[in-house]
Amino acid sequence: MSPGLLFLAYGVIVIVAMYVFVYIPNKKKHRKMQELHNSIVAGDMVVTIGGVVGKVDKKEGDYLTLIIDEEKNVTMRIVLFAINQKIEN
């Protein structure tokens, strides 16, 4: 086998491996997070990427208003994409 053909074969193998091990799992993770963001409604308990836990008060487009402390009426307005997980009760 010639060195040029061997180099080309290794290049193709590396590109296919990157596609299989990087792109496909990232695509699945992105789809899962998109489903999570679409399923959030008022009353859900969520955790942000910063670790803030709160209850969703309102959803306005790409923004959420979280109630952090109901007794002291502490709220926080965040971007929807900052939600990392939803806490099931």
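- Under the ring-ring contact (aromatic ring centres under 6.0 Å, His included) criterion, Y19 pairs with Y23, sequence neighbours left out.
- From L64, atom CG reaches atom NZ of K55 across 14.5 Å, with rounding to the nearest 0.5 Å.
- I87 and V52 are members of different hydrophobic clusters when ILVMFWY side chains are connected at heavy-atom separations under 4.5 Å.
- When all heavy atoms of I68 and G54 are compared, the pair lying nearest together is CD1-CA, 4.3 Å.
- In this structure, CD1 on I83 lies 5.0 Å from CD1 on I40, to the nearest 0.5 angstrom.
- Linking Ile, Leu, Val, Met, Phe, Trp and Tyr residues whenever their side-chain heavy atoms come within less than 4.5 Å leaves M45 and V56 in two separate clusters.
- In this structure, S39 and K86 approach most closely via the heavy-atom pair OG-NZ, 3.3 Å.
- Every residue was checked against the ring-ring contact (aromatic ring centres under 6.0 Å, His included) condition with Y63, not counting sequence neighbours, and none meets it.
- Rounded to the nearest 0.5 Å, atoms CD1 (I13) and CG (L8) are 10.0 Å apart.
- Contact detail for D44 and V41: the closest heavy-atom pair is OD2-N, 3.0 Å.
- In the hydrophobic cluster analysis, where Ile, Leu, Val, Met, Phe, Trp and Tyr join through side-chain heavy atoms closer than 4.5 angstrom, Y10 is grouped together with L5.
- In terms of the salt bridge (charged side-chain N to carboxylate O under 4.0 Å, His left out) criterion, residue partners of E60 (sequence neighbours excluded) are, by chain and number, K58, R77.
- With L66 as reference, V46 is the one residue of D57, T75, V46 to meet the side chain to side chain contact (heavy atoms under 4.5 Å, CB included) rule.
- Annotation for N84 and M33: closest pair O-CE, 3.7 Å, computed over non-hydrogen atoms.
- Panel note: side chain N38, backbone E35; no donor-acceptor pair is recorded below 3.5 Å.
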